[in-house]
Amino acid sequence: MFETVRDDLRATLDEIRAAGLHKPERVIGTPQSATVDVTAGGRPGEVLNFCANNYLGLADHPEVVAAAHEALDRWGYGMASVRFICGTQEVHKELEARLSSFLGQEDTILYSSCFDANGGVFETLLGEEDAVISDALNHASIIDGIRLSKARRFRYANRDLADLEAKLKEATEGGARRKLVVTDGVFSMDGYVAPLREICDLAERYDAMVMVDDSHAVGFVGPTGRGTPELHGVMDRVDIVTGTLGKALGGASGGYVAARAEIVALLRQRSRPYLFSNTLAPVIAAASLKVLDLLESADDLRVRLNENTALFRSRMTEEGFDVLPGDHAIAPVMIGDAAKASRLAELLLERGVYVIGFSYPVVPQGQARIRVQLSAAHSTDDVNRAVDAFIAARAELGV
C-alpha cells in the first residue's frame, strides 16, 4: 500500500520544490545567539543571526543558563506525567503566579507550547450557541484552535474596526450566547500591532470577551514589557492573554493562558492539550522565573532592542528599501517576487547575514519579503553590517 502513497508524497514534495516553497533546515552548530555557526553549502561559517525570535537575547544569557543548571539538579529533567496526575511541582505553580502578576491577570495555566494553549481555549469556552470573531491574519494556532470549536465563526479584515463591528453586530443579531473577539497582539509577518483599545471598546459595546495572543510582544512591548495590552492601556480590559516562553522570554518552549480566574479554572478541568500532554519541563519553568527576574529588575535589554530596531529601520529606509512601517523588532523588507526574495536571502547568507525569505502561502501572493528580526544581543556594528550586506546583495541581484 505505501508504495502508492510514496509516489503521491514524492509528487507533492516535487511540487513544493518547483514552486520555490521548499523550506530547508539549516543546521546551527552553536547556541542561539546574535552570531551563530550555520552550515551553508556544506561549509560551516559564523554569521549574524537576524531571523530568530530571540528579541531580548536571553536564549544564551549566562544567568538564565545558570538557573537552568540549578533547576536540573533540584527538580530533575522531566515530569513523565500530566499536571493533574503527578506532574505539578512547586516551580510550576510559582511560574504561573509570577506570570499572572506580570501580565496583570487573575490566574495562569501553563501548556507545552502556545500552539497548545491556543488549541485548548476555544473548544473549552465556546459551544455551538456561541460565536468567535477572529482577525484574518491571526496565527495558525488560533485558526486551528477555532476549528476544534463548534462555535459560529466570523473573520474580520486585518485590524479593520468597521469590519469587526459588522461581524460583532451580525453575531449579536444571530443570538450568540457568548462572543469572543480574538487577535494577535503583533502580527508576525508584518510587525503590525493590533488596535487593542478600539477592539476593547467595540467588545464592550457588544458584550463580547477579548483574547490576545501576545507571543511577539510580551517581554519587550509596552513601557515595562508587559505586551500590547500594556502598550494600549487595556490590561484590565483584556479577558484572555496567550503567549509563549519560546520567544523573548528565554526562547526555549512552553506556553500559557493568563486570564480571568474562572476561565483558567475551567481550562484546568476541560482543556484537552493541558489534560493529555506532559507537564512543561521543570528546567524551563525555573529558567523562565529567572527571565522574569531580569525583566522586572532592569529595562536595559528593552532599551537596546528599541535602539537596534530604530537604527535598522532608519538606515534601510534611507537606502531605499521598502520596509513595512512601524517600530516593532519585526522589520519586513518587501521584495514582491518569491524567487528574488529567496535568492536575496542566499546572497545575504554568503555575506554573513542569516535571514529567511517568506513567500506564498505564508504571505499573500506577490508580497514576498525578508523578515528581519532584531535582538538586544545585536551590537550597533552588527546592525550596520546587516544593512551594508543588504545593499551589496541588492546590487548583485539587480533589484
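Remember, predicted model here, so these are calculated numbers, not experimental data.
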Does the side-chain hydrogen bond (donor to acceptor under 3.5 Å, both in side chains) test come out yes or no for S100 and T108, once each step is laid out? CA-CA 6 Å; S100 299; T108 297; 2.8 Å; yes
Taking the six-membered ring of Y354 as reference, does the NZ or CZ atom of R26 fall below 6.0 Å from its centre and within a 45° cone about the axis? no
Any side-chain donor paired with an acceptor under 3.5 Å for [X] and [Y]?
{"X": "T30", "Y": "D37", "answer": "no"}
{"X": "Y111", "Y": "S271", "answer": "yes"}
{"X": "S379", "Y": "D381", "answer": "no"}
{"X": "T279", "Y": "R83", "answer": "no"}
{"X": "D60", "Y": "S33", "answer": "yes"}

Looking at [X] and [Y], does any basic side-chain N land under 4.0 Å from a carboxylate oxygen?
{"X": "R385", "Y": "D388", "result": "no"}
{"X": "E396", "Y": "R351", "result": "yes"}
{"X": "R268", "Y": "E96", "result": "yes"}
{"X": "D337", "Y": "R343", "result": "no"}
{"X": "R369", "Y": "D322", "result": "no"}
{"X": "R152", "Y": "E170", "result": "yes"}
{"X": "R6", "Y": "E3", "result": "yes"}
{"X": "R177", "Y": "E129", "result": "yes"}

Does a side-chain heavy-atom distance below 4.5 Å link [X] with [Y]?
{"X": "L180", "Y": "I133", "answer": "no"}
{"X": "L99", "Y": "L110", "answer": "yes"}
{"X": "V387", "Y": "F321", "answer": "no"}
{"X": "T183", "Y": "I199", "answer": "yes"}

Can you see which heavy atom on [X] is nearest to which on [Y], and at what distance?
{"X": "L103", "Y": "M235", "value": "O-CE, 3.3 Å"}
{"X": "L56", "Y": "G219", "value": "CD1-O, 3.4 Å"}
{"X": "D213", "Y": "S141", "value": "OD2-OG, 4.2 Å"}
{"X": "V363", "Y": "F358", "value": "CG2-O, 3.8 Å"}
{"X": "K179", "Y": "Y206", "value": "CE-O, 2.8 Å"}

Tell me whether [X] shares a hydrophobic cluster with [Y], the cluster being built from Ile, Leu, Val, Met, Phe, Trp, Tyr side chains joined at under 4.5 Å.
{"X": "Y77", "Y": "L289", "answer": "yes"}
{"X": "L275", "Y": "V257", "answer": "yes"}
{"X": "F115", "Y": "V212", "answer": "no"}
{"X": "I109", "Y": "F122", "answer": "yes"}
{"X": "L292", "Y": "L301", "answer": "yes"}

With side-chain hydrogen bond (donor to acceptor under 3.5 Å, both in side chains) as the criterion, how do S375 and N54 come out once you've worked through the C-alpha distance, each side chain's angles and the decisive distance to 0.1 Å? CA-CA 6 Å; S375 171; N54 188 24; 4.5 Å; no
Check step by step if side-chain hydrogen bond (donor to acceptor under 3.5 Å, both in side chains) holds for R159 and Y192. CA-CA 9 Å; R159 302 175 298 137; Y192 291 151; 5.1 Å; no
Might you work through the side-chain contact (heavy atoms from CB on, under 4.5 Å) test for R371 and S188, ending with a clear yes or no? CA-CA 9 Å; R371 185 180 71 171; S188 60; 3.7 Å; yes
Give a yes or no on whether the ring-centroid distance for H378 and Y55 is below 6.0 angstrom. no
Could you tell me the separation between the OG atom of S342 and the CD1 atom of I335, rounded to the nearest 0.5 Å? 11.5 Å
Euclidean distance, F50 CZ relative to F312 CZ, rounded to 0.5 Å: 7.0 Å
Name the one of V218, T224, L249 that satisfies side-chain contact (heavy atoms from CB on, under 4.5 Å) with L295? L249
Listing request: all salt bridge (Lys or Arg N to Asp or Glu O under 4.0 Å) pairs with a residue in residues 220-236, at least two apart in sequence or in separate chains. R226-E296
Does R153 use its side chain to pair, donor to acceptor, with the backbone of R147 at less than 3.5 Å? yes
Ignoring hydrogens and angles, tell me if any N or O in the side chain of R237 forms a donor-acceptor pair with the backbone of G233 under 3.5 Å. no
Just do the salt bridge (Lys or Arg N to Asp or Glu O under 4.0 Å) check on D130 and K150 with the steps written out, would you? CA-CA 8 Å; D130 303 317; K150 294 180 180 179; over 6 Å; no
Between F187 and H216, does the side-chain contact (heavy atoms from CB on, under 4.5 Å) criterion hold? Intermediate values first, please. CA-CA 8 Å; F187 296 91; H216 286 276; over 6 Å; no
Take R155 and S134, measure what side-chain hydrogen bond (donor to acceptor under 3.5 Å, both in side chains) needs, and give me the verdict at the end. CA-CA 5 Å; R155 188 174 72 163; S134 177; over 6 Å; no
Residues at least two apart in sequence or cross-chain that pass salt bridge (Lys or Arg N to Asp or Glu O under 4.0 Å) with K167, listed by chain then number, are D163
Check step by step if side-chain contact (heavy atoms from CB on, under 4.5 Å) holds for I263 and L125. CA-CA 8 Å; I263 291 174; L125 294 181; 3.9 Å; yes
